Amino acid sequence: MAKTEQQRESFRASLDKQPHEVATMFDGVAKRYDLTNTVISAGQDRYWRWATRKALDLRPGERVLDLAAGTGVSTVEFAKSGAWCVATDFSKGMLAAGSFRPVPMVAGDAMALPFADESFDAVAISYGLRNVSDPDLAMREMLRVTKPGGRLVIAEFSTPVLPLFRTVYMEYLMKALPRVARAVSSNPDAYVYLAESIRAWPNQRQFAMRMAEAGWSEVKWRNLSGGVVALHRGYKLG
Ligand SMILES: C[S@@+](CC[C@H](N)C(=O)[O-])C[C@H]1O[C@@H](n2cnc3c(N)ncnc32)[C@H](O)[C@@H]1O
């Protein structure tokens, strides 16, 4: 049954990440999504997006899929390279909230992408894969739509490397973050899900193995902000 505006705005998905629950939850945070991100990351989100563009190493004229692109905030960052970048997401609310951005947007599910085989030089997914109910299937779909020799960059919250910092960060995630979100977000409950889903996500090494198992080659990663975020990159064999 369709949810009312009020129901969407106080809704959080469970950790089994049923697609309709995840899409509804993001519809509910869409209005203030960009602002909330900047507040809860203390402005680091801009640096993380810039670093993701650098890791993609895009050239003018290349075709790039920004998957689970939400409001397209990362898509416009990638488009600064001169590459042709398309934003895809299954939350129509998120795409609508970013419709003022000058990038093409296509509604679609990461587990059944609406694109032909080998149509992109590069694929990126930022803070999206953790929310997909079958991330391994999504990584295989991304491989299918990438040209031979093309690359994938995954930006995702990860595990801080230094033990003391890791402890402080986990406290922030579980206690302070939901309180901060209550002050700024249109759906604070979604940020409880955010904290729980980050804790349940594999660490850098475990995740690199999952990428390789999905068929990606030469998988490497780079930590940002001490491992709060990791950028994993892999190639499709030519
Ligand atoms: C945390 S937001 C990230 C948005 C954007 N990439 C960014 O960096 O701000 C996660 C996005 O993943 C999308 N998403 C989750 N599962 C998806 C799926 N199976 N197919 C397409 N989009 C999905 C959600 O709708 C949401 O917009």
Side-chain angles (χ1 to χ4, degrees), residues 8 11-41 43-53 55-56 64-79 85-99 101 103 105-115 123-142 144-145 152-158 173 177 181 185-187 189-198 201 224 228-231:
R8 271 201 304 273
F11 181 78
R12 90 164 107 131
S14 53
L15 280 185
D16 63 1
K17 302 168 190 175
Q18 290 300 316
H20 64 282
E21 287 187 3
V22 173
T24 300
M25 181 179 71
F26 280 101
D27 286 347
V29 294
K31 263 195 291 192
R32 304 184 76 182
Y33 174 81
D34 293 346
L35 169 71
T36 308
N37 265 351
T38 302
V39 171
I40 64 176
S41 71
Q44 293 283 293
D45 59 329
R46 291 178 192 169
Y47 157 61
W48 296 338
R49 292 186 200 291
W50 171 85
T52 307
R53 171 160 65 85
L56 279 162
V64 182
L65 170 61
D66 185 17
L67 184 54
T71 61
V73 60
S74 44
T75 324
V76 286
E77 174 66 35
F78 304 155
C85 305
V86 59
T88 291
D89 201 286
F90 73 176
S91 160
K92 296 201 175 117
M94 290 287 272
L95 292 176
S99 58
R101 295 202 157 103
V103 285
M105 294 184 163
V106 174
D109 187 335
M111 295 177 290
L113 287 172
F115 301 108
V123 177
I125 182 164
S126 306
Y127 320 102
L129 195 62
R130 180 178 31 83
N131 303 297
V132 175
S133 61
D134 188 340
D136 303 300
L137 173 58
M139 285 193 281
R140 292 196 297 275
E141 267 296 87
M142 290 187 255
R144 179 183 68 74
V145 301
L152 166 67
V153 172
I154 299 177
E156 195 47 89
F157 293 108
S158 200
L173 271 187
L177 182 140
S185 173
S186 49
N187 178 5
D189 276 357
Y191 292 83
V192 176
Y193 160 88
L194 171 68
E196 289 173 351
S197 65
I198 292 174
W201 191 243
L224 303 178
V228 167
V229 165
L231 296 181

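Source: prediction; values computed, not measured. Counting starts at 1 for both ligands and their atoms, following the listed order.
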Novice: Suppose I only count heavy atoms of Tyr127 and a 4.0 Å limit; which atoms of ligand 1 are within that range?
Specialist: 1 (C), 2 (S), 3 (C), 8 (O), 10 (C)

Novice: Taking 4.0 angstrom as the limit and counting only heavy atoms of Ala110, give me the atoms of ligand 1 inside it, by number and element.
Specialist: 18 (C), 19 (N), 20 (N), 21 (C)

Novice: Which of the atoms in ligand 1, numbered in the order shown and given with their element, are less than 4.0 Å from a heavy-atom of Gly70?
Specialist: 4 (C), 27 (O)

Novice: Is any side-chain heavy atom of Thr36 closer than 4.5 Å to one of Val29?
Specialist: no

Novice: Please report the shortest heavy-atom distance between Ala110 and Glu141, naming the atom on each side.
Specialist: O-CB, 3.5 Å

Novice: What residue and atom, counting heavy atoms only, is the protein's closest point to atom 12 (O) of ligand 1, and at what distance?
Specialist: Ala68 CB, 3.3 Å

Novice: Is any side-chain heavy atom of Gln44 closer than 4.5 Å to one of Val228?
Specialist: no

Novice: Write down the atom of Met142, the atom of Leu152, and the distance for their closest heavy-atom approach.
Specialist: SD-CD1, 3.6 Å

Novice: If we only count N/O pairs under 3.5 Å, is Arg49 in contact with ligand 1?
Specialist: yes

Novice: Has Ala69 got any heavy atom lying under 4.0 angstrom from an atom of ligand 1?
Specialist: yes

Novice: If only atom types and distance count, is the side chain of Arg101 paired as donor or acceptor with the main-chain N or O of Thr75 below 3.5 Å?
Specialist: no

Novice: Val22 heavy atoms, cut-off 4.0 Å: which ligand 1 atoms fall inside?
Specialist: 15 (C)

Novice: Below 4.0 angstrom from a heavy atom of Val73, which ligand 1 atoms are there? Numbered from 1 as shown, please.
Specialist: 9 (O)

Novice: Do Asp109 and ligand 1 have an N or O pair less than 3.5 Å apart?
Specialist: yes

Novice: Please table the atom pairs, donor to acceptor, closer than 3.5 Å between any side-chain atom in residues 123-130 and protein atoms at least two apart or in another chain.
Specialist:
| from | atom 1 | to | atom 2 | distance (Å) |
| --- | --- | --- | --- | --- |
| Arg130 | NE | Glu156 | OE2 | 2.8 |
| Arg130 | NH1 | Ser197 | OG | 2.8 |
| Arg130 | NH2 | Glu156 | OE2 | 3.2 |

Novice: Tell me, do Thr24 and Glu21 make a side-chain contact under 4.5 Å, heavy atoms counted?
Specialist: no

Novice: Side-chain contact, heavy-atom cut-off 4.5 Å: Pro114 with Val106?
Specialist: yes

Novice: According to salt bridge (Lys or Arg N to Asp or Glu O under 4.0 Å), who are the partners of Arg46, at least two apart in sequence or on a separate chain?
Specialist: none

Novice: Starting from atom 13 (C) of ligand 1, locate the nearest protein heavy atom and write down its residue, its atom name and how far away it is, to 0.1 Å.
Specialist: Asp89 OD2, 3.3 Å

Novice: Between Leu95 and Phe90, is any pair of side-chain heavy atoms under 4.5 Å apart?
Specialist: no

Novice: For Ser126, counting its heavy atoms only, list the atoms of ligand 1 lying under 4.0 Å from any of them.
Specialist: 3 (C), 5 (C), 6 (N), 7 (C), 8 (O)

Novice: Answer yes or no: does an N/O atom from Tyr33 fall short of 3.5 Å to an N/O atom of ligand 1?
Specialist: yes

Novice: Distance to 0.1 Å, residue and atom name: give those for the protein heavy atom nearest to atom 14 (N) of ligand 1.
Specialist: Phe90 CE2, 3.5 Å

Novice: Counting each atom of ligand 1 from 1 as listed, which ones have a heavy atom of Gly108 under 4.0 Å away?
Specialist: 20 (N), 21 (C)

Novice: Within the 4.0 Å heavy-atom shell around Ser91, which atoms of ligand 1 are there?
Specialist: 25 (O)

